> 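The structure that follows is given in the form of structure tokens.
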Amino acid sequence: MAAAPAIVLKDGRDKSLLARHPWIFSGAIERAPPLSPGASVDVRAADGTWLARAAFSPVSQIRARVWTFDPDERIDPAFFRRRVAAAVARRETMLDADNTAVRIVHAESDALPGVIADRYADVVVLQLLSAGADANRDAIVDAIVGATGVATIVERSDAEVRTLEGLAPATGVLRGALPARVVIRELGLNYRVDVLAGQKTGFFLDQRDNRRIVRDHAAGRRVLNAFCYTGGFTLAALDGGAQHAMSIDSSAPALGLARSNLAANPAIATKPAKWREADVFTELRALRNAGETFDLIVLDPPKFAPTAAHAQRAAAAYKDINLLAFKLLSAGGLLATFSCSGGISSDLFRKIVAGAAVDAHADATIIATLGASADHPLTLAFPEGEYLKGLLLRKSA
Ligand code: SAH
């Protein structure tokens, strides 16, 4: 039998693969056969040693992403069935009557590079972000239907990273029929998810555990939720007994959904809530100038630094909003502050927030360090998976 086509690495560039890191950068490659985007290919060290089987991406800096480190494992529909079934099984205990939404596949961290799948009750929203994921669309969709029993699959492959892979955006209903409304429950609260036009896949499931923490600290507090999107932290805080909540976002559709989400939860629907369509940077200044104070502030901005190259400008933005938050906080007030920037490490984030506190003449204690929910696992071999980091801080009196 002829040898399978193989990428051959430069001398000494096999180290990251031997450490089970799944990315092969273009600069590590000595030679590669002509292959179509997403094709499966063997990866060999300079001396010919077999290392991995990967998906080829001819235009991306990440030229190949590993599917398997097992020489006997073929990349076929059964492979995707096994991987998806294992990922779904790991989340089985996370679903119950009060929590009907979960990320079922978290890309590299579930050994399926480029594949993201979020389950929203009876709908799964899929993002295929790499050439390898894109080329295996049908097998992946079949595997998800098989493992979950969900009939409706929606694709939201409209993330910008697809352009780095040379892929055009792809969105739409892939299987089944989309119900007029997709409604999930999280921590016992109802949320409507706009799976076709909402941000990312429609809902930020990675913040579920942190919404629970905010809920559990909210009793009696006056809450400010900046970058509120469809209201997750706001509803959680009100459910936890917050006195009132003010929420800010620049997106009118997100705020519209946030209001209707509050209304869809009878136990908290009449609690005092203000929604402001505004730029957070401007609005926090206006609130400070008006002398307003809060006892619990949530800062969950969008990704300011997709990569380390953007870190410096992003750092200034993070510092700005955290500084303003410290000023708006009452003594003893809590700040739950986040960064979902891959380009900002947890260390750097802590330093930025510390600098903001100094400039605001505030001292603070770290009550907890925060990360993404358990359905967004982090593996030792792939530290890049740690994109969401947060701190729960108490401002000293
Ligand atoms: N905390 C939210 C998710 C936040 S996503 C949740 O738990 O669901 C980031 C949000 O920031 C988006 O809704 C986006 O519309 C909003 N946003 C981005 N830039 C903004 C700005 N400068 N001012 C206000 N909102 C902004």
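Both ligands and their constituent atoms are indexed starting at 1 by order of listing. Computed from a predicted structure; not experimentally measured.
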> Counting both backbone and side chain atoms, is some N or O of Val280 under 3.5 Å from an N or O of ligand 1?
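Yes; at least one N/O pair falls below 3.5 Å.
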> So which heavy atom on Pro377 is nearest to which on His106, and how close?
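Looks like O-CD2, 3.5 Å.
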> For Pro302, is the nearest heavy atom under 4.0 Å from an atom of ligand 1?
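True for this residue.
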> With the side chain counted from C-beta on, respond yes when Arg119 and Asp122 share a heavy-atom pair under 4.5 Å apart, and no when they do not.
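The answer is yes; the side chains approach within 4.5 Å.
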> Just which atoms of ligand 1 are under 4.0 Å from any heavy atom in Tyr229?
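Every atom of ligand 1 under 4.0 Å from some heavy atom of Tyr229: 2 (C), 3 (C), 4 (C), 8 (O), 13 (O).
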> What distance separates Ser130 OG from Arg162 CZ, expressed to the nearest 0.5 Å?
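These two atoms lie 9.0 Å from each other.
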> Strictly below 4.0 Å, N to O, side chains only: are Arg103 and Asp110 in salt-bridge contact?
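No.
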> Checking the N or O distance criterion of under 3.5 Å, is ligand 1 in contact with Phe227?
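Yes, since at least one N or O of Phe227 sits under 3.5 Å from an N or O of ligand 1.
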> Could you name the option among Leu299, Asn210, Asp249 that has the heavy atom nearest to atom 14 (C) of ligand 1?
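Shortest heavy-atom distance from atom 14 (C) of ligand 1: Asp249.
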> Out of all atoms in ligand 1, which are within 4.0 Å of some heavy atom of Ser251? Include the element for each.
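So the answer, numbered in order with elements, is 15 (O).
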> Out of all atoms in ligand 1, which are within 4.0 Å of some heavy atom of Asp279? Include the element for each.
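The list of qualifying atoms is 21 (C), 22 (N), 23 (N).
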> Quick check: Ser250 and ligand 1, any N/O pair under 3.5 Å apart?
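Such a contact does occur with ligand 1.
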> Which atoms of ligand 1 are found less than 4.0 Å from any heavy atom of Phe233?
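Matching atoms, with element in brackets: 1 (N), 7 (O).
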> Are the charged groups of Arg285 and Asp320 less than 4.0 angstrom apart, N to O?
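Yes, Arg285 and Asp320 are salt-bridged.
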> Using 30° and 60° as the class limits, which term best fits the ring planes of Phe227 and Phe281: parallel, tilted or perpendicular?
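Perpendicular, since the angle between the ring planes exceeds 60°.
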> Hey, is Ala278 one of the residues with a heavy atom under 4.0 angstrom from ligand 1?
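Ala278 counts as a contact of ligand 1 under the 4.0 Å cut-off.
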> Could you pull out the closest heavy-atom pair between Arg53 and Glu73, with the gap in Å?
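Nearest pair, atom of Arg53 first, then Glu73: NH1-O, 2.6 Å.
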> Tell me which one of Glu283, Glu277, Arg211, Gln207 gets a heavy atom nearest to atom 8 (O) of ligand 1.
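It is Arg211 whose heavy atom sits nearest to atom 8 (O) of ligand 1.
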> Salt bridge or not for Asp118 and Lys200, using N-O below 4.0 Å?
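Looking at Asp118 and Lys200, the cut-off is not met.
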